[in-house]
Each structure stands twice: as C-alpha cells, then as structure tokens.
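One structure is given here, and the rest of the page talks about it.
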Amino acid sequence: MNAAKRLQIFTRLRDENPHPTTELEYSSPFELLVAVTLSAQATDVGVNKATRKLFPVANTPQAILALGVDGLKGYIKTIGLYNSKAENVIKACRMLIELHDAEVPQTREALEALPGVGRKTANVVLNTAFGQPTMAVDTHIFRVSNRTGIAPGKTVLEVEKKLLRFIPREFLQDAHHWLILHGRYVCIARKPRCMSCLIEDLCDYRDKTDSP
C-alpha cells in the first residue's frame with residue numbers, strides 16, 4: 001500500500017470520528033491503568049461494569065491497596081482471570097506508592113516494570129492518558145493492519161513498528177483508536193462488513209464480503 005492511499009484512509013477515519021477515545025471508562029491515569037490491566041482477555045463492557053462499582057470506592061493506589069487482594073476480587077470477579085489480575089493490581093499499587101509517589105509514570109520502561117503491565121497496556125496509557133503517539137496493537141489492530149494492507153506483519157511488534165513508520169504524523173495520536181474501533185465494529189474477524197466500510201475502495205483485502 002502506498003503513502004497516498006494511507007493518507008486517504010486516515011483522512012476518512014478522522015472525518016468520520018474527529019475525536020476518538022477508548023471505550024473504557026476512566027477519570028484519571030491511574031483509573032485508566034487499572035481498567036486496561038483488567039481488560040486483558042475481557043471486553044471493555046465487562047470491565048466498565050466492574051469499575052463502575054470499584055472506582056467510587058477505591059480509585060487511588062492507596063485505596064485499592066487498602067482493599068487487599070481478596071477485597072479487590074469482590075469487585076472484579078465477573079472479569080476473566082480475576083484472581084491473577086487482582087494480585088497484579090495490588091502489587092502494582094504497592095510499586096506506584098513506593099517508587100512513584102502514587103503517580104502513574106509516563107515512560108514505557110517504568111510502566112512495563114509494573115506487574116500485569118505489558119507493552120500493549122503501556123502503550124494505551126501513554127497514548128490515552130498522556131497524549132504520546134504510541135500504537136497499542138491488539139487483536140483488532142493486528143487484523144485490520146494485515147487485512148487492509150496498511151501495515152502487514154507476522155508479529156504484533158512488527159505491525160506496531162510499521163504503523164508508527166507508515167502512518168502520517170498528523171494522524172498518529174488518534175490512529176490507535178480509529179483502528180481498534182474499525183476492527184471492533186466494521187472489519188470484524190469472521191465476516192467483515194465490507195459494504196458498510198468507508199475505506200472499502202482503498203483496502204487491499206481480496207476476499208471482500210457483501211455483508212452490510
């Protein structure tokens with residue numbers, strides 16, 4: 001795919017949704033960090049249902065640490081892998097208090113040092129909470145990047161690096177959200193909704209469907 005076509009694709013995505021954001025509900029960098037940590041192998045809808053009960057009670061590292069592992073589990077037990085997630089969140093809260101004055105750090109290295117925080121989670125926090133032009137490649141972005149030809153790659157890291165290199169700088173800040181939403185609602189896994197796709201004519205996918 002050439003640069004001119006990528007420019008058209010992201011121009012259309014921006015025109016349709018000028019101010020995209022995550023579907024996770026949060027009101028601080030710490031709440032976002034917790035929500036993204038909980039969202040691994042879970043839906044945003046499911047995470048939001050849990051955090052709507054959790055955050056009014058505890059939304060700081062100190063408050064969640066005070067709940068303890070078992071107390072936190074009571075709020076997140078509807079989310080997959082909640083046992084290990086509760087342990088990781090509690091450990092992360094302790095590290096935030098001890099190493100970062102209870103503030104969420106703004107570097108990838110410091111974020112990835114927190115239990116339960118991998119590269120994707122760190123990228124989401126850096127992008128959404130702190131406005132850094134990172135690219136958090138999840139299953140949706142990986143699929144869209146390969147299927148459309150925007151940034152094909154065999155690994156998540158390869159796709160991430162290509163996206164950062166290929167996407168015009170003016171779109172980098174919001175590209176992460178556009179691609180996730182496109183993969184979640186239009187370019188879905190089993191049968192993409194090509195007839196409803198605003199970039200269908202620019203997409204390199206060969207097996208386009210007649211699904212609206």
Side-chain angles (χ1 to χ4, degrees), residues 1-24 26 29 32-33 35-44 88 92 104-189 192 194 197-208:
M1 179 176 289
N2 60 45
K5 191 178 284 189
R6 288 194 193 92
L7 178 63
Q8 283 186 278
I9 285 174
F10 284 98
T11 298
R12 289 186 190 178
L13 292 173
R14 181 178 63 186
D15 288 346
E16 183 189 48
N17 186 4
H19 305 291
T21 188
T22 178
E23 292 186 322
L24 290 170
Y26 73 99
L32 178 64
L33 175 64
V36 179
T37 301
L38 296 177
S39 72
Q41 295 181 283
T43 66
D44 288 359
N88 282 334
V104 177
Q106 298 188 35
T107 68
R108 183 194 309 282
E109 294 75 20
L111 284 167
E112 289 188 21
L114 298 172
V117 178
R119 186 179 183 89
K120 185 183 75 173
T121 297
N123 279 336
V124 172
V125 173
L126 291 172
N127 176 272
T128 305
F130 300 123
Q132 297 185 28
T134 58
M135 186 60 59
V137 179
D138 67 349
T139 55
H140 297 301
I141 292 182
F142 186 80
R143 178 176 66 254
V144 171
S145 298
N146 276 284
R147 186 183 274 168
T148 61
I150 290 173
K154 294 182 179 179
T155 67
V156 167
L157 185 57
E158 183 182 359
V159 169
E160 177 188 331
K161 290 181 176 179
K162 283 188 174 181
L163 286 169
L164 290 172
R165 189 165 76 246
F166 292 155
I167 294 174
R169 181 162 294 277
E170 65 180 295
F171 302 109
L172 264 182
Q173 176 60 41
D174 293 321
H176 157 80
H177 297 300
W178 287 320
L179 293 175
I180 281 181
L181 294 171
H182 193 68
R184 186 173 289 167
Y185 297 111
V186 182
C187 197
I188 55 180
C194 297
C197 177
L198 79 164
I199 60 169
E200 185 270 339
D201 58 313
L202 301 170
C203 169
D204 290 344
Y205 187 49
R206 294 181 179 179
D207 301 318
K208 292 191 170 109

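The chain is numbered in sequence order, starting from 1.
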Under the side-chain contact (heavy atoms from CB on, under 4.5 Å) criterion, do Asn17 and Leu13 qualify, and how do the steps go? CA-CA 6 Å; Asn17 186 4; Leu13 292 173; over 6 Å; no
Between His182 and Val144, does a side-chain contact (heavy atoms from CB on, under 4.5 Å) hold up when you go through it step by step? CA-CA 8 Å; His182 193 68; Val144 171; 4.2 Å; yes
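- Scanning both residues, Asp204 and Gly149, for their nearest heavy atoms gives OD2-CA, 4.1 Å.
- Using a 4.5 Å heavy-atom cutoff, the side chains of Asp15 and Leu198 are not in contact.
- Across Leu7 and Phe171, no two heavy atoms sit closer than the pair CD1-CE1, 3.5 Å.
- Applying the salt bridge (Lys or Arg N to Asp or Glu O under 4.0 Å) test to residues at least two apart or on different chains, the pairs with a partner in residues 166-185 are Arg14-Glu170, Glu23-Arg184, Asp44-Arg184.
- In this view, Thr43 and Val45 satisfy the side chain to side chain contact (heavy atoms under 4.5 Å, CB included) rule, not counting sequence neighbours.
- No side-chain heavy atom of Ile199 sits less than 4.5 Å from a side-chain heavy atom of Gln8.
- Every side chain to side chain contact (heavy atoms under 4.5 Å, CB included) that Asn2 has, sequence neighbours left out, goes to Ala4, Lys5.
- Interatomic distance, Thr22 OG1 to Asn127 CG, rounded to the nearest 0.5 Å: 9.5 Å.
- Taking Tyr205 as the reference, nothing meets the side chain to side chain donor-acceptor pair (under 3.5 Å) condition, with sequence neighbours excluded.
- For Ala136, the side chain to side chain contact (heavy atoms under 4.5 Å, CB included) test picks out Lys120, Asn123, Val124, His176, with sequence neighbours left out.
- The local environment of CZ in Arg165 is crowded, with over 12 non-hydrogen atoms from other residues, nucleotides or ligands closer than 6.0 Å.
- For Thr128, the side chain to side chain donor-acceptor pair (under 3.5 Å) partners at least two apart in sequence or on another chain are His177.
- Residues Gln106 and Leu126 share a closest heavy-atom pair of O-CD2, 3.4 Å.
- Remark: Arg147 engages no residue in a side chain to side chain donor-acceptor pair (under 3.5 Å) (not counting sequence neighbours).
- Here the shortest heavy-atom pairing between Thr121 and Val117 reads CG2-CG1, 3.8 Å.
- How far CD1 of Ile180 is from CD1 of Ile141: 4.0 Å, rounded to the nearest 0.5 Å.
- Between Leu163 and Ser145 there is a side-chain heavy-atom pair separated by less than 4.5 Å.
- Checked by atom type and distance alone, the side chain of Arg6 never pairs as donor or acceptor with a backbone atom of Phe166 at under 3.5 Å.
- Between atom CG of residue Asn146 and atom SG of residue Cys187 there is a gap of 10.5 Å, rounded to the nearest 0.5 Å.
- Closest heavy-atom contact between Leu172 and Met135: CD2-CE, 4.4 Å.
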Do any side-chain atoms of residues 150-161 form donor-acceptor pairs under 3.5 angstrom with protein atoms, and if so which ones, sequence neighbours left out?
unit_1: Thr155; atom_1: OG1; unit_2: Glu158; atom_2: N; d: 3.0
unit_1: Glu158; atom_1: OE1; unit_2: Lys154; atom_2: N; d: 2.9
unit_1: Glu160; atom_1: OE1; unit_2: Arg119; atom_2: NE; d: 2.8
unit_1: Glu160; atom_1: OE2; unit_2: Arg119; atom_2: NE; d: 3.1
unit_1: Glu160; atom_1: OE2; unit_2: Arg119; atom_2: NH2; d: 2.8

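- Residues satisfying the side chain to side chain contact (heavy atoms under 4.5 Å, CB included) criterion with Ala92, sequence neighbours excluded, are Leu114, Pro115.
- For the pair Ala122 and Glu112, the tightest heavy-atom approach, listed with the atom from each and the gap, is CB-CG, 3.9 Å.
- With sequence neighbours excluded, the residues satisfying side chain to side chain donor-acceptor pair (under 3.5 Å) with Asp201 are Arg12.
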